[in-house]
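Below is one structure, written out as structure tokens; the observations come after it.
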Amino acid sequence: SASGKTVFARDVVKLLRARGRAASVVSLDAFLRPSATLGTAAPARDDDHLVHAWDLETLETAVLEPRRRGTATRAGSWGTSVARDEVLVLEGLFLADPRLRASLDGLVRLEVSEELSLARSAAREGGEAALARVRRDFLPTQRAFDERFPAASGELCLDAANPLGG
């Protein structure tokens, strides 16, 4: 949480477009279930927030399956259709989960310290109540996920404090 995923994905797409490649971002958060709140309700398993919080069936049928078939994605609340020859950047939490990772050509993991995550959350959301929620819900959820799915070989891991290293 607050690692800079959305900004990083946006900038990757800008860079690709500047180099003549068609590219679009699809955010996993566009598939967030309306009633879901990470870390607060009981998911199917104690650490299975992916299934609890996101509509994976719609993500699969609208985005992932069409990409595997080499066809355009479906348009929806997540955005316009992404052409089959266009680079699709899927951005969001928990993409290293094998249920999603198997459908991805590559994975860039932004590693962020809890201190930086809290500082960014404070700047973005402000208020002690928001920070208490991050400490109570988001950080433990992320810790549990990282323990379950540590960075794998083949993933590109970047320091979220300065992902481009410049």
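For clarity, every value in this text was computed on a predicted model and none was experimentally measured. Values below: all heavy atoms of this structure, side chains included; hydrogens, waters and symmetry mates excluded.
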Apply side-chain hydrogen bond (donor to acceptor under 3.5 Å, both in side chains) to [X] and list each qualifying residue two or more places apart in sequence or on a separate chain.
X      : answer
Arg143 : Glu114
Ser81  : none
Arg109 : Glu155
Glu91  : Thr6, Ser27

Just wondering, do [Y] and [X] contact through their side chains at under 4.5 Å, heavy atoms?
X     : Y      : result
Leu88 : Arg67  : yes
Trp54 : Leu28  : yes
Leu56 : Val51  : yes
Val26 : Val89  : no
Leu95 : Arg101 : no
Val63 : Arg74  : no
Phe94 : Gln142 : yes

Who pairs with Asp29 by salt bridge (charged side-chain N to carboxylate O under 4.0 Å, His left out), at least two apart in sequence or on another chain?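 Testing Asp29 for salt bridge (charged side-chain N to carboxylate O under 4.0 Å, His left out), a comparison that skips the adjacent residues, returns none.
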
Among all residues two or more places apart in sequence or in another chain, which pass the salt bridge (charged side-chain N to carboxylate O under 4.0 Å, His left out) test with Arg124?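 For Arg124, no residue satisfies salt bridge (charged side-chain N to carboxylate O under 4.0 Å, His left out) once neighbours in sequence are set aside.
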
Does one hydrophobic cluster hold both Leu158 and Leu116, with members joined at side-chain heavy-atom distances below 4.5 Å? no

Quick one, Leu59 with Asp55, criterion side-chain contact (heavy atoms from CB on, under 4.5 Å). Give me CA distance, side-chain angles, the key distance, then yes/no. CA-CA 7 Å; Leu59 174 66; Asp55 180 358; over 6 Å; no

Test side chain to side chain contact (heavy atoms under 4.5 Å, CB included) applied to [X] - qualifying residues, sequence neighbours left out:
X      : result
Ser117 : Ser1, Ala2, Val112, Ser121, Leu139
Glu128 : Leu131, Arg135
Arg69  : Glu65, Pro66, Thr71
Ala83  : Asp85, Glu86

Has Arg21 got a side-chain atom pairing as donor or acceptor with Val87's backbone, closer than 3.5 angstrom? no

Can you tell me if Arg84 uses its side chain to pair, donor with acceptor, with the backbone of Ala72 under 3.5 Å?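 Judged by distance alone, no pair lies under 3.5 Å.
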
Over all atoms of both residues, closest heavy-atom pair of [X] and [Y]:
X      : Y      : value
Ser24  : Val82  : CB-CG2, 3.9 Å
Glu147 : Pro150 : O-CD, 3.8 Å
Phe149 : Pro98  : CE2-CD, 3.0 Å
Leu110 : Ala160 : CB-CB, 4.0 Å

Just verifying a value: how many Å separate [X] [atom1] and [Y] [atom2], rounded to the nearest 0.5 Å?
X      : Y      : atom1 : atom2 : answer
Thr58  : Leu64  : OG1   : CG    : 11.0 Å
Leu90  : Leu100 : CG    : CG    : 7.0 Å
Leu118 : Ser113 : CG    : OG    : 8.5 Å

Sequence neighbours excluded - ring-ring contact (aromatic ring centres under 6.0 Å, His included) pairs with any residue from residues 63-91: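 Listed by first then second residue: Phe31-Trp78.
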
Check against side-chain contact (heavy atoms from CB on, under 4.5 Å), Val7 and Arg10: CA-CA 5 Å; Val7 171; Arg10 178 203 66 202; 3.4 Å; yes

Apart from Leu15 itself, residues in the same hydrophobic cluster as defined by side-chain heavy atoms under 4.5 Å: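 Answer for Leu15: none, a lone residue.
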
